[in-house]
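A quick write-up on the structure given underneath.
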Amino acid sequence: MDAYRRVMFLAPGTPFFDRIEAGETDDDFGSVTAGTPDDWSCHTGPEWTMLTPHGFRLPPQGWKIHVSATGENARSVLARSWEWLVAHRMAFKFIRSGQVLQRRNGKYGDRGASGKFITVYPEDDTRLALVLHELGAILDGEQGPYILSDLRWRSGPLYVRYGGFVARMMTSERGEKVPCIEDPDGNLVPDRRGPSFRPPEWVTLPDCLTEAVEARNAGTLRDFPYRAEQALHFSNGGGVYRGTDTRTGTPVLLREARPYAGIDTHGEDAVARLLRERDCLRKLAGLPWVPELIEARVGHEHHFLVREYVEGETLAVRTTRDNPSSPKADPDRTATYTRWAVEVLDRIEAGVRAMHERGVVFGDLHPGNVMVRPDDSIAFIDLETASTDLTARQIHAAPGFAAPPTHRGKDIDTYALGCLRLALFTPLTNLLSWDPDKLDRLIALVEARYPVPADYGAKVRADLAPPGTGGIEEAGSGDQDAGSADQDAASGDRQTASADRAAAVARGILATATPAREDRLFPGDTAQFILPEGGSCLAYGAAGVLWALGEAGTEIPAAHIDWLEESARRSTAPSPGLYTGMSGVACALQRLGRTDAAEALLTAASGVELANDSLMDGRAGLGLAHLYRARATGDDAALKHATVLAEQVIENAAARPPRRGESGLLRGRSGGALLLLRLHAHTPDTGLLDGARELLDADLRALGWAVDGAEGWTEGAFGARPTFAAGSGGTALVLREYLDLRDEQRYALACETVLRTALDCVPHTAGLFHGFAGVLLAATRLAGPADVAEVERCAATVGLYQVAHEGRPAFLGLENVRLTTDVATGAAGVLLARTAANTAPGTLAFL
């Protein structure tokens with residue numbers, strides 16, 4: 001879902017993630033509100049226009065009605081609904097513009113919100129029945145996406161669900177803010193909006209809905225000869241399922257398409273794409289690279305394409321697991337993988353040529369759309385963007401595999417094939433769309449680490465060449481960007497040059513500041529628009545960026561500090577987290593000299609209930625924030641608060657084992673161990689060290705380290721990746737602190753293993769949490785005096801990720817889709833890591 005979430009913030013006309021509505025000026029349904037009666041109130045927000053008759057008070061919750069619509073009939077549906085609702089003095093809201101409606105019904109829209117155009121708020125069951133019967137009759141026959149979370153009323157566009165009428169939020173068990181309603185005992189419970197109609201168990205169904213429930217129960221797929229058994233993928237346009245033909249027992253794949261939903265940039269819905277895939281599969285019938293089409297049919301209003309189920313795994317999964325990316329990996333293993341990859345690419349090339357000979361262009365070739373069967377033969381899947389028009393533009397493409405706008409038809413597939421030749425060895429092809437000069441460096445990286453054929457680079461260049469040019473010429477000297485020249489200078493010159501480059505990164509960050517905006521100061525990951533303190537927090541917001549700039553010795557404008565303080569002051573329901581909430585902002589303000597604001601903020605954060613023990617947004621993080629204040633001010637109360645939180649972390653760890661996903665520094669038990677180690681520095685107590693040891697052992701086990709047997713990572717263990725947030729890199733940083741206080745041979749071995757992996761790791765992205773910056777930070781902290789040259793070589797790799805924005809260095813965030821400047825995913829995290837690499841050994845540039 002994270003990838004889909006990022007797509008929702010790909011605002012046009014900017015290299016950064018942003019709210020799409022920030023650039024919208026249209027209000028094409030606003031003409032309707034011009035006739036709002038004087039005794040009604042009207043309020044227009046980013047997505048909705050709300051109308052309420054004077055004297056009407058919305059109940060906190062109840063049965064609400066949604067009216068579905070498409071871009072074509074929305075204006076007519078709204079006009080007729082408006083007339084009836086105003087006449088009956090019924091509170092309602094509607095999507096304010098066609099752009100917003102298109103986005104909600106779009107391919108990357110929220111499945112739970114798709115189709116919801118008008119929301120009506122009846123005060124009671126009598127008024128509910130009135131709306132259904134009278135407005136339902138007026139709108140009967142109008143089309144719109146089926147609203148998955150609701151109960152449909154007859155065959156028209158009206159749908160019903162029980163839920164909140166006014167916005168109320170609660171903290172879920174996972175620590176997330178979610179909408180809520182109240183149960184009969186007065187307890188707040190989540191207002192669930194899943195993909196099916198499931199009212200709360202304690203709610204009585206009104207008599208007027210009996211007819212709709214009976215119709216729903218009668219509308220099953222009784223004559224549908226396939227049984228869906230496992231959901232493989234969901235999108236706003238439908239789902240993909242592994243199933244069985246109930247007549248023969250044969251495994252099949254079912255692709256579902258919802259009418260009027262999943263609208264793409266060409267205005268086509270999911271059904272149009274499914275029918276195009278059906279037609280292409282028919283043209284490609286009999287090719288060994290293409291699954292067999294069984295049939296396409298309609299079931300309960302949704303369309304289904306049924307085809308052969310391909311056993312195996314995607315090329316993306318296979319390469320991620322099997323690629324021995326380290327140059328120090330076993331040479332035989334590397335050679336075996338290389339031979340396999342080259343042979344698979346030859347099969348893919350043959351398959352693509354065969355498709356072209358049949359008059360079909362794939363149009364979306366990437367590792368996730370290629371299946372590798374158990375016998376290593378390949379099959380192309382997901383042909384919904386395939387086309388029989390050999391002159392057509394590309395409809396859709398995965399990041400890193402999109403052809404330039406100059407490409408048409410077959411050339412689109414050829415370009416993607418060139419990207420595949422790189423991606424099977426180094427998945428950084430998305431950098432090419434930002435800096436085409438990266439091509440030589442990527443090819444050089446592949447040729448240096450893998451025994452590819454002598455003509456491999458030439459094949460890549462030929463595939464990626466502009467149509468009709470015959471290939472891209474090889475640059476004579478290769479790519480010389482920031483960082484790559486560091487190795488060529490003397491030690492003193494290297495430090496000076498590296499410091500200059502870090503200063504350039506800092507200037508690039510400052511140049512992106514937008515102090516006039518209230519939601520963010522610096523552009524970052526999409527989380528800054530989703531989390532309550534996203535624009536100001538340490539991980540994704542201004543606090544982290546200003547912290548990094550301060551660590552790098554950059555002069556910070558007072559207006560930026562003012563912005564952070566004012567943003568914190570505006571928060572009405574602060575979350576306490578260190579990296580995602582107010583305690584982290586308090587630390588940043590403390591460091592920036594705003595002591596009073598920091599104290600008030602930390603006090604407020606400490607009064608909010610915590611949902612977990614993590615460093616990211618739980619007790620360990622809040623405890624470290626209190627320790628930071630205690631060190632800075634000598635505040636005994638802060639030290640006591642940290643002690644209480646540490647005791648809670650120890651008690652909770654003893655009460656239950658780690659859950660799935662709870663591993664690594666930010667979400668695992670290493671964060672709690674870090675709190676205990678830092679607390680030990682204030683109040684020496686061997687019990688704290690014993691507790692830290694138990695937490696570290698639990699986290700190592702969760703990461704895949706064989707603590708109780710032969711040391712080392714188990715096969716395929718996630719912890720083998722030396723990344724900062726969830727891999728072994730962040731945990732090793734805490735192990736290193738423990739080793740400074742106690743000798744533990746197992747931990748020393750783990751640290752050495754992580755160091756050797758980190759020195760040769762080339763992650764998919766540049767950021768601190770999940771990318772190269774975190775790996776560099778781990779390598780810097782774990783390295784000894786004999787490793788200085790290796791760390792400098794590792795640090796030089798940062799140039800591979802650097803691109804230019806307005807003549808200044810910049811870095812791409814997660815998925816390498818947009819530029820970000822935050823600590824977690826972007827330039828500020830890179831700046832922190834480089835600052836640590838340039839300072840004295842042992843410096844640790846995080847709290």
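All values derive from a computational prediction rather than experimental measurement. For the numbers below, each heavy atom of this structure counts, side chains included, while hydrogens, waters and symmetry mates do not.
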Ignoring hydrogens, what is the shortest heavy-atom contact between [X] and [Y]? Give both atom names and the distance.
X      : Y      : answer
Ala568 : Leu601 : CB-CD2, 3.6 Å
Ala773 : Ala833 : O-CB, 3.2 Å
Val803 : Leu431 : CG1-CD2, 4.5 Å
Val608 : Pro576 : CG1-CD, 3.7 Å
Gly664 : Thr731 : CA-OG1, 3.5 Å
Gly368 : Thr314 : O-CG2, 3.9 Å

Could you state the interatomic distance from [atom1] ([X]) to [atom2] ([Y]), rounded to the nearest 0.5 Å?
X      : Y      : atom1 : atom2 : result
Thr580 : Leu531 : OG1   : CG    : 6.0 Å
Leu755 : Thr780 : CG    : OG1   : 9.5 Å
Leu428 : Phe772 : CG    : CZ    : 11.5 Å
Leu424 : Thr338 : CG    : OG1   : 10.0 Å
Thr554 : Ile556 : OG1   : CD1   : 7.0 Å
Asp787 : Glu792 : CG    : CD    : 11.5 Å

4.5 Å side-chain heavy-atom contact, [X] and [Y]:
X      : Y      : result
Leu546 : Phe522 : yes
Leu666 : Asp617 : no
Leu782 : Leu735 : no
Gln528 : Glu533 : no
Thr426 : Arg449 : no
Val775 : Leu759 : no
Arg619 : Asn652 : yes
Leu615 : Leu578 : yes

Begin from the C-alpha positions of Leu777 and Leu832 and carry the test side-chain contact (heavy atoms from CB on, under 4.5 Å) through to its verdict.
-> CA-CA 8 Å; Leu777 183 60; Leu832 269 179; over 6 Å; no
Ignoring hydrogens and angles, tell me if any N or O in the side chain of [X] forms a donor-acceptor pair with the backbone of [Y] under 3.5 Å.
X      : Y      : result
Thr319 : Ala316 : yes
Arg520 : Gly541 : no
Gln590 : Ala598 : no
Tyr801 : Ala810 : no
Thr765 : Gly813 : yes
Asp699 : Gly668 : no
Thr820 : Gly524 : no
Asn323 : Phe425 : yes
Ser583 : Gly577 : yes
Ser728 : Arg721 : yes

Under the ring-ring contact (aromatic ring centres under 6.0 Å, His included) rule, what do Tyr540 and Tyr579 come out as? Steps first, then yes or no, please.
-> CA-CA 8 Å; Tyr540 308 106; Tyr579 278 102; 9.1 Å; no
Ring centres of Phe529 and Phe17 under 6.0 Å apart?
-> no
Ring centroid separation for Trp547 and Tyr628, is it under 6.0 angstrom?
-> yes
Side chain to side chain contact (heavy atoms under 4.5 Å, CB included) with [X]: which residues, sequence neighbours excluded?
X      : value
Ala543 : Leu538, Leu564, Val585, Ala588
Glu694 : none
Ile650 : Leu676

Could you tell me whether the side chains of Asp635 and Thr633 share a donor-acceptor contact shorter than 3.5 Å?
-> no
Could you verify whether a donor N or O on one side chain and an acceptor N or O on the other, from Ser606 and His626, lie under 3.5 Å apart?
-> yes
Kindly assign one of parallel, tilted or perpendicular to the pair Tyr337 and Tyr450, based on the angle between their ring planes and the thresholds 30° and 60°.
-> tilted
side-chain hydrogen bond (donor to acceptor under 3.5 Å, both in side chains) evaluation trace for Thr683 with Asp685 | CA-CA 6 Å; Thr683 57; Asp685 179 354; over 6 Å; no
Salt-bridge criterion met for [X] and [Y] (N-O under 4.0 Å):
X      : Y      : result
Arg736 : Asp740 : yes
Arg667 : Asp613 : no
Glu662 : Arg669 : no
Arg742 : Glu744 : no

So which of Thr336, Asp330, Thr334, Asp332 actually passes side-chain contact (heavy atoms from CB on, under 4.5 Å) with Pro324?
-> Thr334
Passes salt bridge (Lys or Arg N to Asp or Glu O under 4.0 Å), Glu599 versus Arg629? Steps please.
-> CA-CA 8 Å; Glu599 181 180 9; Arg629 176 165 178 78; 3.4 Å; yes
Go through the steps to decide whether Thr526 and Leu814 satisfy the test side-chain contact (heavy atoms from CB on, under 4.5 Å), and finish with yes or no.
-> CA-CA 10 Å; Thr526 57; Leu814 288 175; over 6 Å; no
Apply side-chain contact (heavy atoms from CB on, under 4.5 Å) to the pair Tyr738 and Val734, showing each step before the final yes or no.
-> CA-CA 6 Å; Tyr738 182 92; Val734 186; 5.8 Å; no
Kindly determine whether Asp525 and Arg818 satisfy salt bridge (Lys or Arg N to Asp or Glu O under 4.0 Å), including the steps that lead there.
-> CA-CA 9 Å; Asp525 185 70; Arg818 285 287 193 267; over 6 Å; no
How far apart are the C-alpha atoms of Leu442 and Leu800, what are their side-chain angles, what is the distance that settles it, and do they pass the side-chain contact (heavy atoms from CB on, under 4.5 Å) test?
-> CA-CA 8 Å; Leu442 291 176; Leu800 178 64; 3.9 Å; yes
